[in-house]
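Order of listing sets the numbers, starting from 1, for every ligand and every atom in it. Atom set for the values below is all heavy atoms of this structure, side chains included, hydrogens, waters and symmetry mates excluded. Worth saying up front: this structure is predicted, and the values here are computed from it rather than measured.
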Amino acid sequence: MKRIYFDHSATTPVDPEVAKLMMEYMLDKFGNPSSIHAYGREARKAVEEAREKVAALIGANANEIFFTSGGTESDNLAIKGVAYANRKKGNHIITSAIEHHAVLHTCEYLEKQGYVVTYLPVDEYGMVRVEDLKKAITDKTILISIMFANNEVGTIQPIKEIGQIAREKGIYFHTDAVQAAGNYPIDVKEYNIDLLTLSGHKFHGPKGIGALYIRRGVRIEAIQHGGGHERNMRAGTENVPGIVGLGKAAEIAKNEMAQKMAHIQRLRDKLIRETMAKIPHVKLNGHPTQRMPGNANFSFHYVEGESLLLNLDLKGIAASSGSACTSGSLDPSHVLLAMGLSHEVAHGSLRISLGRGNTEEEVDYFLTVMPEIIERLRSMSPLYGKQPAAMSSNPCSHCHHH
Ligand SMILES: Cc1ncc(COP(=O)(O)O)c(C=O)c1O
């Protein structure tokens, strides 16, 4: 059976050119960038060239790019690093309720250390209201951390406005751009971004490598100590193959950005349009226009997200549930709940995230199998046909805390 990959927000395949280059830096050019000899110099040169390429992807200077082990580490470094270095100035951090757990759990950890965190709500489309942000700012606010694009519903936040407010107030602005970087145009200078998180495996680079952009002049402390690597910001021998791969992936992403976005968005728009037309009782989650080109997130009423995923998998289609059920927890997605969905509706969600390799035939195949699957699952639901189309907001039976 042909397999179809519709889960690019989870991860992407490594570009063959990226893999090829990485092999070179594992097998032949394996030196330690800190070494004085030719092997070391060769590795150092490659690391610095990669830094230039990552910087170019987001409009930064190379000396503002720090390599890390990925999005999670960059989020930790940005938030803890700024919090610790600016503790005398204030202890208040503003973030949103729909951040990735790499941000949310880091903020919760800081709360235990005496920091105060405001978790901004979002509207029904998953967007932060700039007015709420303005109201939340106090003279103790040291950091605003708002994601660029949401990983579940794809909503793109008003980053430029947030950046402007932060800059005017003299508050640092960090954005988790793991979903956007390499998939959507970003210019850190134009948007007044002080710190930006990106991760290689979301744009055809390898896993376990990422970067934190730190604008020159930002007060930040390292959180990992050891040798003086990454100009004392991140100790540990550089992951040279990963860094080289990240650089190559950034270069490719920049070159193919416009074309990739247009291709993916065309397929995504068809997928959304026809899914909504063919299947009754379905809701599109996320913003109608301000969303990542590859993201489609639906709630199918009277359907359980996990059963849907398993049925799609049986048809060879890899997608993701809108809820966190797959990760072993039975709680529905914090993102969908923050957007005001009931537990039941949140449980029946599906995230499709398209990538550059997807084709119209694949979308057509999805559109052929989906109505059958949904119809079958609904025919087994005791609720289907017995309730009005607008579902009750009764707490659902499978969440632990009810
Ligand atoms: C928005 C967002 N932030 C952070 C991360 C974590 O990135 P990494 O997997 O590189 O640690 C992800 C990955 O799923 C993400 O989507």
Regarding S349 and S299, is there a side-chain donor-to-acceptor distance under 3.5 Å anywhere?
yes

Applying ring-ring contact (aromatic ring centres under 6.0 Å, His included) to Y25 and not counting sequence neighbours gives none

Using ring-ring contact (aromatic ring centres under 6.0 Å, His included) as the criterion, list what pairs up with F30, not counting sequence neighbours.
Y39

Residues at least two apart in sequence or cross-chain that pass ring-ring contact (aromatic ring centres under 6.0 Å, His included) with H105, listed by chain then number, are H101

Amino acids in close contact with ligand 1, where any non-hydrogen atom sits under 4.0 angstrom away:
G70, G71, T72, D75, H100, M147, N151, D176, V178, Q179, S199, H201, K202

F300/Y302 aromatic ring centres below 6.0 Å:
no

In terms of the angle between their ring planes, are Y84 and Y115 parallel, tilted or perpendicular, with boundaries placed at 30° and 60°?
tilted

